[in-house]
A.B. asks: 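Below is one structure. I have some questions about it.
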Amino acid sequence: MATWDTTKYVQECDKCGKKYNVTKYEQPVREKGRFNCKCGNELERWNGGVDYAFTEAE
């Protein structure tokens with residue numbers, strides 16, 4: 001399997017201002033998903049050769 005490229009960044013919710021550490025994984029397989037902030041605002045939706053991991057920023 002191919003090596004996954006990763007990108008790390010911080011994303012802030014436009015609605016409530018909560019911050020999340022995000023890791024974006026580019027990969028050779030198709031993934032589908034979404035992530036919502038605790039306030040319910042959708043931060044990311046994907047359907048392709050990427051996957052994401054979100055953790056609350058300190």
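Count residues from 1 along the sequence.
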A.B. asks: For the pair Glu56 and Lys19, find out whether any cationic side-chain nitrogen is under 4.0 Å from an anionic carboxylate oxygen.
C.D. replies: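 Looking at Lys19 together with Glu56, the answer is no, because their closest N to O distance does not fall below 4.0 Å.
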
A.B. asks: Applying side-chain contact (heavy atoms from CB on, under 4.5 Å) to Gln11 and Glu44, what does each step give before you reach the verdict?
C.D. replies: CA-CA 10 Å; Gln11 186 169 353; Glu44 193 70 59; 4.0 Å; yes

A.B. asks: Check for me, please, whether Val50 and Val29 land in the same ILVMFWY cluster - side-chain distances under 4.5 Å, paths through other members count.
C.D. replies: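 Not linked; separate clusters.
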
A.B. asks: Do you reckon Val10 sits in the same ILVMFWY cluster as Leu43, going by side-chain contacts under 4.5 Å, direct or chained?
C.D. replies: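 Not linked; separate clusters.
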
A.B. asks: To the nearest 0.5 Å, tell me how far Lys32 NZ sits from Asn47 CG.
C.D. replies: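 Interatomic distance, Lys32 NZ to Asn47 CG, rounded to 0.5 Å: 5.5 Å.
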
A.B. asks: Rounded to the nearest 0.5 Å, what separation is found between the CG atom of Asp51 and the OG1 atom of Thr6?
C.D. replies: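 Going from the CG atom of Asp51 to the OG1 atom of Thr6 covers 12.5 Å.
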
A.B. asks: Looking at Cys16 and Cys13, what are the two nearest heavy atoms and their distance?
C.D. replies: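 Heavy-atom minimum between the residues: N-SG, 3.5 Å.
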
A.B. asks: Does the plane of the ring in Trp46 sit parallel, tilted or perpendicular to the ring in Phe54? Use 30° and 60° as the thresholds.
C.D. replies: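 Parallel, since the angle between the ring planes stays under 30°.
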
A.B. asks: What distance separates Glu58 CD from Asn21 CG, expressed to the nearest 0.5 Å?
C.D. replies: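 One gets 8.5 Å once the value is rounded to the nearest 0.5 Å.
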
A.B. asks: Using a 4.5 Å cut-off on heavy atoms from C-beta on, say whether the side chain of Tyr52 contacts that of Val22.
C.D. replies: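 Heavy-atom side-chain distance check passes, below 4.5 Å.
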
A.B. asks: So which atom in Tyr20 and which in Lys38 form the shortest heavy-atom distance, rounded to 0.1 Å?
C.D. replies: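 Closest heavy-atom pair between Tyr20 and Lys38: OH-N, 3.1 Å.
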
A.B. asks: Hey, could you give me the OH/CD distance between Tyr25 and Glu31, rounded to the nearest 0.5 Å?
C.D. replies: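 Tyr25 atom OH to Glu31 atom CD measures 12.0 Å (nearest 0.5 Å).
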
A.B. asks: Is any side-chain N of the basic residue among Glu12 and Lys18 closer than 4.0 Å to the acidic one's carboxylate O?
C.D. replies: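 Salt bridge between Glu12 and Lys18, a charged N being under 4.0 Å from a carboxylate O: no.
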
